[in-house]
Amino acid sequence: MDIQGILEGFATVLRPENILFVVFGGFLGTIVGMLPGLGPATAIAVLIPVTFGMDPTSALILMATIYYGAMYGGSLSSILINTPGDGSAVAATFDGYQMAKAGRAGPAIAITAIGSLIGGFVAVIGFMFLAKPLSNFALQFGPAEYFLLMLFTLSAVVSLSIGNMTKGFISMGIGLVLATVGIDLQTGVHRFTFGNVHLSDGINFLVIIIGIYAVGEILYNYLTIDRPVGKKNKLGRVWITKDDWKRSKWPMFRSSPLGFIVGILPGAGGAIASLMAYSTEKQLSKRPEEFGKGAIEGLAAPETANNSAAVGAFVPLLTMGIPGSGTTAVMLGALVMLGVKPGPLLFESDPNMVWSLIDSLFLGNIFLFLINVLMVGIFVKILDVPAKVLYPIILVLAFIGAYTMNYTILDFYILIIFGVIGLFLKLYDFPIAPMILALIVGTDMEQNFRKSIVAGHGNLDIFVSSPISITLLILTLLSLTYPIFMNRRRKKKTDLNENTSL
Amino acid sequence: MGATRLILPIISILISIFYLISAINLPKAKLGDPNGPLYFPMMVGIFLFIVSVIYLIKELKNHYPKNDEIKLLFKGRVPFLIISTLVLSLIYTLIFERVGFLISTILFMAAVLFIVNGKEKWKVNISVAVLFSLGSWYAFSQLLDVSLP
C-alpha cells in the first residue's frame with residue numbers, strides 16, 4: 001500500500017478549493033440524482049462543462065463527488081417517492097419505500113447514509129490495497145492482452161443485459177461503428193466522414209453521451225410526465241434506533257466487500273451489486289418474510305453494496321483504463337477530455353491524481369453522510385419542484401455542455417439526433433451501456449488490435465500466445481455462453497414444472 | 001403491430017450493409033499496410049450484420065414479449081411534447097450563434113417550459129427561463145471562461 005501517496009492525496013484534497021469542490025459536487029450530484037429517471041451517468045454527463053478550465057485533479061475530484069452525490073440522490077427519491085434514478089437505486093425501493101410509507105422515512109434515509117458511509121470506507125480501503133498490485137500486473141499487458149481485455153469487458157456487459165443479448169450486441173456494434181468515424185490514427189485516412197471537416201476528429205463521444213443520457217432520458221420521461229407523482233412521505237427524525245443498528249450492522253459489513261468485488265468485475269456495477277446484496281441478506285435473514293415490507297436490513301444491504309461497488313468500479317478504470325459500466329465509461333470519457341489517460345502508467349506518472357481522487361471519495365463520503373443526515377430537509381424540498389420545470393433546465397444544460405466541447409453548432413444536431421436515438425433505444429429495450437462502452441473503448445480497441453497484428457507479423461496466433469490472453473479468451477467465451485446455458489436450464493425447468501403440473 | 005416490429009431489425013441490417021460498403025470503399029493507406037484502416041471496420045460491420053440478422057429472426061419468431069410501452073408514445077400530449085421539444089431544439093440550434101447565447105436560451109427555455117409546464121404557470125416559466133439563463137451565462141462565461149456567442 002502506497003501510504004505516502006495516500007497521505008499526499010489527502011493534502012491535495014484538503015486544500016480549501018478542493019474541499020469546496022467536494023461540497024459543491026456532492027450537492028449538484030445529489031440534486032440531479034434525485035430527479036426521477038436521471039442517474040449518475042446523466043449527472044456526470046451534463047455537469048462535465050462545469051469542470052472546464054479547472055486543474056485536472058480538481059476536476060476529477062468534482063466529477064467523482066458528483067457521481068457519489070448522484071447515488072445518494074437516487075436513494076432519496078427511491079425512498080421518498082418510489083422512483084429510482086437508475087438501476088443501482090432500484091433495490092432501495094423494495095424496503096425503503098415501504099419504510100417511508102410506514103412513517104419511517106427518517107430512519108430509512110439515515111441507514112442509507114450510514115450504509116453508504118461504511119460501504120464507501122471499506123471499498124476505499126480495498127482500493128488502497130488492490131490498486132498498486134493490479135496496476136503492476138497490468139504493466140505486463142501488451143496490445144493483444146489489452147484488446148482481449150476490452151473484448152471481455154464488452155462481452156461481459158452484453159451478457160449481463162439478461163434476456164437481451166442480441167439487442168446488447170447490436171447496441172455494442174453501433175457503438176463500435178461510431179468509434180471508427182474520423183481520421184485513422186495510424187494512417188491518416190479519413191473514415192466515414194463523408195467529406196465533413198467537423199467529423200474528421202471523430203464524433204465527440206461526450207456529445208453522444210449527453211444526447212443519450214440527458215436529451216434521450218428527458219424525451220423518454222415525457223411518456224410518464226403527467227402521471228401523478230407518488231405521495232411524498234413525511235420525513236420524521238433522520239436517525240436510527242439501537243434495534244435498527246443491531247439488525248443492519250452485519251448486513252452492512254457483509255455487503256461492503258460483496259459490493260466492492262462485484263464493482264471491480266466488468267459489466268456488473270451497482271445495480272447487480274445491490275440486488276445481490278439484497279437477495280443474500282434475504283436468504284441469511286431469520287425473518288425473510290419481512291423483506292419487501294419495510295425491513296431495515298433490506299435497505300441497508302443494497303445501499304451499502306452499491307456505494308462500495310461504485311468505488312470498486314474505479315479499480316479497473318484507474319489501473320487498466322477499462323470502464324466496467326455505463327457510468328464509469330462516462331467518467332472515462334470525461335477523464336480523457338481532461339487529458340488524463342487512466343491505466344497502469346497513471347500510477348507512475350501522476351500518483352497524486354489517483355490518490356487525491358480516492359481520498360476525495362473518502363472525504364466525499366463523510367460530507368455526503370453529514371448533509372444527508374443534517375440537511376436532508378433541504379433536498380427533500382427540491383423534490384417538490386416539479387419535474388416539468390427541472391427537465392427543461394437539464395435540457396438547456398445538455399445544450400450548453402454539447403456546445404462547450406468543440407464550440408460548433410454541428411454538435412447540437414448530433415445531440416438532437418442521439419436524443420431521439422436514445423429515446424428509441426429505451427423504448428425498444430436496447431441496453432445502452434454496451435453502446436457507450438464500445439464507443440469509448442472502440443478506438444483503443446482497434447489500435448491495440450492492429451498493434452498486435454503488426455507485432456504478430458500478421459498472424460492471429462498472437463492472441464493465444466500468453467497465459468493472460470488465453471485466460472481472457474476463455475473468460476470471454478464463458479461470459480457469452482453462460483447466459484445461454486442458464487436460459488436453457490431455466491426453460492427446461494419451467495417445461496418440467498408444466499409437465500408435472502399437467 | 002405485426003410488420004412494424006420488423007422495422008428496427010431491418011434498419012439495423014441496412015446500417016450494417018451501408019457501413020460495410022463504405023468500409024470496402026475506404027481509400028487505401030499510403031503508410032504501412034494499405035488495408036490497415038479497413039480490417040477493424042470490416043470485422044465490426046460483419047459482426048453487426050450477423051447480430052442484426054439474428055435479431056430479425058428472433059422478431060420473426062415472436063421471441064420478444066409484446067412491447068406496450070410504445071403505445072405511450074402516442075398517448076395524450078406525449079407526441080406533441082416530444083415533437084415540439086425537438087422542433088424547438090432545432091430552432092434553438094439555428095438561432096444560437098446568430099442572436100447569441102443569452103437571448104436564444106431565454107427564448108428556448110421559456111418556450112419549452114410553456115409547452116411542458118403549461119401556460120397557467122407563466123410566471124414561474126418566465127422567471128425560471130430568465131434567471132437560469134442569466135445564471136448559466138454568468139457561471140460559464142464569467143466564472144469558467146467559456147466563450148459563448
Side-chain angles (χ1 to χ4, degrees), chain A residues 49-54 164 166-167 169-170 172-174 176-177 179-180 184 186-192 194 215 218-219 222-226 386 388-389 391-393 395-397 399-400 403-404 407 409 412-413 415-416 419-420 423-424 426-429 442 445-446 449-450 453-454 458, chain B residues 8 12 15-16 19 22-23 26-33 36-37 39-41 44-45 47-48 51-52 54-55 58 64 67 69-70 72-73 75-78 81-82 85-86 89-90 92-93 96-97 105 108-109 112-113 116-118 124 128-129 132-133 136 139-140 144-148:
Chain A
V50 179
T51 62
F52 281 143
M54 278 186 192
N164 238 339
T166 314
K167 289 182 177 179
F169 276 127
I170 291 181
M172 168 188 141
I174 302 275
L176 290 174
V177 164
T180 55
D184 173 33
Q186 288 189 13
T187 59
V189 169
H190 285 246
R191 298 192 299 184
F192 316 108
F194 307 104
V215 181
I218 289 168
L219 295 178
Y222 276 171
L223 299 186
T224 50
I225 199 166
D226 289 326
K388 290 173 187 173
V389 175
Y391 288 143
I393 292 181
L395 192 68
V396 169
L397 275 178
F399 274 96
I400 299 178
Y403 187 75
T404 47
Y407 302 104
I409 289 299
F412 278 12
Y413 293 109
L415 185 76
I416 298 169
V420 176
L423 167 70
F424 280 93
K426 282 218 92 168
L427 273 174
Y428 282 92
D429 273 336
M445 205 171 158
E446 172 174 14
F449 175 75
R450 283 161 67 180
I453 296 287
V454 172
Chain B
L8 273 189
S12 176
I15 291 176
S16 66
Y19 182 72
S22 326
L26 280 177
K28 298 273 178 267
K30 294 185 186 94
L31 289 164
D33 184 349
Y39 297 131
F40 193 74
V44 172
F47 171 79
L48 187 61
V51 285
S52 306
I54 295 175
Y55 179 31
K58 281 193 162 175
Y64 296 107
N67 189 342
E69 216 178 19
I70 309 287
L72 285 176
L73 198 57
K75 213 178 147 199
R77 62 187 193 121
V78 173
L81 282 182
I82 292 178
T85 301
L86 291 175
S89 303
L90 280 176
Y92 182 50
T93 306
F96 186 75
E97 280 184 335
T105 305
F108 172 58
M109 212 167 163
V112 176
L113 277 165
V116 177
N117 198 29
V124 178
V128 169
F132 183 81
S133 305
S136 53
F140 283 101
L144 297 168
D145 273 334
V146 170
S147 74
L148 293 168

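Interface check for chain A: of the options Ala139(B), Ala23(B), Gly45(B), the most heavy-atom pairs under 4.5 Å are formed by Ala23(B). Of the listed residues Ile54(B), Thr105(B), Val124(B), Leu113(B), the one with more heavy-atom pairs under 4.5 angstrom with chain A than any other is Leu113(B). Comparing Leu176(A), Ile409(A), Val454(A) by heavy-atom pairs within less than 4.5 Å of chain B, the highest count is held by Ile409(A). For the set Ser136(B), Ser16(B), Ser22(B), the count of heavy-atom pairs under 4.5 angstrom toward chain A peaks at Ser22(B). Listed options Phe132(B), Tyr92(B), Tyr55(B), Phe40(B) were ranked by heavy-atom pairs under 4.5 angstrom with chain A; first place goes to Phe40(B). When each of Ile82(B), Ile15(B), Leu90(B) is scored by its heavy-atom pairs under 4.5 Å with chain A, the top score falls to Ile82(B). Contact count against chain B (heavy-atom pairs under 4.5 Å) is highest for Pro392(A) among Gly188(A), Pro392(A), Gly173(A).
Both the backbone and the side chain of Arg191(A) come within less than 4.5 Å of a heavy atom of chain B. Looking at Val128(B), the atoms closer than 4.5 Å to chain A (heavy atoms on both sides) all sit in the side chain, from C-beta outward. With a 4.5 angstrom heavy-atom cutoff, Met172(A) touches chain B only via side-chain atoms. For Tyr407(A), the parts lying under 4.5 angstrom from a heavy atom of chain B are both the backbone and the side chain. Only the side chain of Val189(A) comes within contact range of chain B, with heavy atoms under 4.5 Å apart. Only the backbone of Gln186(A) has a heavy atom closer than 4.5 Å to any heavy atom of chain B. Only the backbone of Lys28(B) comes within contact range of chain A, with heavy atoms under 4.5 Å apart. For Val44(B), the part sitting under 4.5 Å from any heavy atom of chain A is the side chain, from C-beta outward, and nothing else. Proximity to chain B (any heavy atom under 4.5 Å) is shown, for Ile174(A), by both the backbone and the side chain.
In terms of heavy atoms, Leu219(A) sits closest to Leu86(B) at CD1-CD2, 4.1 Å. The nearest pair of heavy atoms linking Pro41(B) to Thr180(A) is CG-CG2, 4.3 Å. For the residue pair Leu395(A) and Ile218(A), the shortest heavy atom distance occurs at N-CD1, 3.6 Å.
Side chain of Arg450(A) to backbone of Met445(A): no donor-acceptor contact under 3.5 angstrom is found. Within the 3.5 Å criterion, the main-chain N or O of Asp429(A) finds a donor-acceptor partner in the side chain of Asn164(A).
Side-chain atoms of Tyr403(A) and Glu97(B) form a donor-acceptor pair, as typed in the model, at a separation below 3.5 Å.
Listed by chain and residue number, Tyr222(A) satisfy the side chain to side chain donor-acceptor pair (under 3.5 Å) test with Thr85(B) (two or more places apart in sequence, or in another chain).
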In sequence, state the C-alpha distance, the side-chain angles, and the governing distance for Phe169(A) and Phe47(B), and then conclude on ring-ring contact (aromatic ring centres under 6.0 Å, His included). CA-CA 9 Å; Phe169(A) 276 127; Phe47(B) 171 79; 5.5 Å; yes
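None of Tyr413(A), Phe399(A), Phe412(A) except one satisfies the ring pair (Phe, Tyr, Trp, His ring centres under 6.0 Å) rule with Phe96(B); the exception is Phe412(A).
To the nearest 0.5 Å, the span separating CD1 on Ile400(A) from OG on Ser133(B) amounts to 7.5 Å.
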